[in-house]
Amino acid sequence: MHRSAYEQMELCVKEYLPVEGPAGGPAGTYRVVDLGSRISGKQTRTHRALLAGHPVDYFGVDVQDGPNVDAVMKKPYRIPARSNSADVVLSGQAFEHIPFFWASMLEIARVLKPGGHAFITAPSRGHVHDAQDCWRYYPDGFRALAAHSRLELREAYTDFPPRKGIWHDYRSIDKKAAYWGDSVGVFRKPQRYPRLTMFAVRELAVWWANRVGGVDSVPLPEPVAGREQCGRPRTVPAQAPAQAPAQAPAQAPALEQNSPRSMAG
C-alpha cells in the first residue's frame, strides 16, 4: 500500500468515525471488516494501525492467507461475515485487482449495517502490478458503484495530475504530484435498503462471479507486430546499464502537500 493511499484512508477514518465509538453499538465499539487486508513483501502499513485510537472489533479478510488476515475467503466474491453486521467496511488498494468488482461491492452492501460506511481507495493511475491488475478508478466509477449497489455516495475524489487547460499535465508529476494517483469513494448504506430486490441482484451476480473466478480462463493474446507493448508488458531481464539509470519516480509526499480534499460533513 503506497503512502498516499494510506493517508487517504486515514482522512476517511478521521472524518467519519468519531473516536468515542458508534452510537448504540455493543460496548461502544465499531465492527470493522477490512476487505483485502493481507500485507505482503516489505509492506508495513495496515488499516488496523489507523484504527488504533478507536474502539474497534477488527476483522481482516483476504483471498490469501498471510499477515493481518483473520479469515481467508473460501470464495473470492463472498465475504465471510454476517449480513448487516459491520459498522465499517474498508478496502484499500484492492479493487484494482478484483476482476468483477461490482460483485464485491454488492457483498460490501450486504455486510454493512444500515447507516454503516464503506471506505474504498483505489489507484487512478500507476503501473501494472501484482498477478492481475484490472482497473483504475475515477469519481464516475464510484457513482456507478453506488447506483448498482443502491448505496449512498457521500464522497468521490480523485487525485488528478496538474492541468494545462483541459489537459492533464502528466509531465508535472513529481514531488508535489505523486506518481500514484488515488481515488476515494465513501459510501453509506441507507436505513431503508431494498433488501429483497438487492438479494436477487446480489446472489446471481456473486454466484456467477464465483463460478467464473477470475481472468485465468482467458489467456492474454499475443501482441500483433508493431504493437508489442499492447496487453500486459512482459518483464525484461535486467541488464547492466550503459549509463546512469534514470531517476526513479518520486515517492508520494505527505497528503496535505500532495492532494488535499474536502471531506463531506
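One-based numbering along the sequence shown.
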Checklist outcome for this item: Between the CZ atom in Arg154 and the CZ atom in Phe119, the distance rounded to the nearest 0.5 Å is 8.5 Å

Checklist entry - When rounded to the nearest 0.5 angstrom, what is the spacing between CZ in Arg195 and CG in Asn84? => result 7.0 Å

Checklist entry - Is it the case that more than 12 heavy atoms not belonging to Arg82 sit under 6.0 Å from its CZ atom? => result no

Checklist entry - Do Ser149 side-chain atoms and Leu106 backbone N/O form a donor-acceptor pair below 3.5 Å? => result no

Next on the checklist: Could you measure the distance from the OG atom of Ser4 to the OH atom of Tyr179? Nearest 0.5 Å is fine.
Outcome noted: 12.0 Å

Next on the checklist: Check this for me: does any side-chain nitrogen of one of Glu203 and Arg78 sit under 4.0 Å from a carboxylate oxygen of the other?
Outcome noted: yes

Checklist entry - Which pair of heavy atoms, one from Phe142 and one from Phe187, lies closest together, and at what distance? => result O-CE2, 3.5 Å

Checklist entry - Is a donor on one side and an acceptor on the other found under 3.5 Å between the side chain of Thr121 and the backbone of Met9? => result no

Checklist entry - Among all residues two or more places apart in sequence or in another chain, which pass the ring pair (Phe, Tyr, Trp, His ring centres under 6.0 Å) test with Tyr138? => result Phe160

Checklist outcome for this item: Closest heavy-atom pair, Pro161 versus Tyr170, reported as atoms and distance to 0.1 Å, is CG-CE2, 3.6 Å

Checklist entry - Is Arg136 atom CZ crowded by more than 12 heavy atoms from other residues, nucleotides or ligands, each under 6.0 Å away? => result yes

Item to check | Lys NZ or Arg CZ of Arg31 over Phe59 ring: under 6.0 Å, within 45° | outcome: yes

Checklist entry - Are Tyr58 and His47 close enough that their ring centres sit under 6.0 Å apart? => result no

Next on the checklist: What's the separation between atom NZ in Lys74 and atom CG in Asn210, rounded to the nearest 0.5 Å?
Outcome noted: 13.0 Å

Next on the checklist: Can you tell me how far apart CZ (Arg38) and CG (Asn68) are? Round to the nearest 0.5 Å.
Outcome noted: 11.0 Å

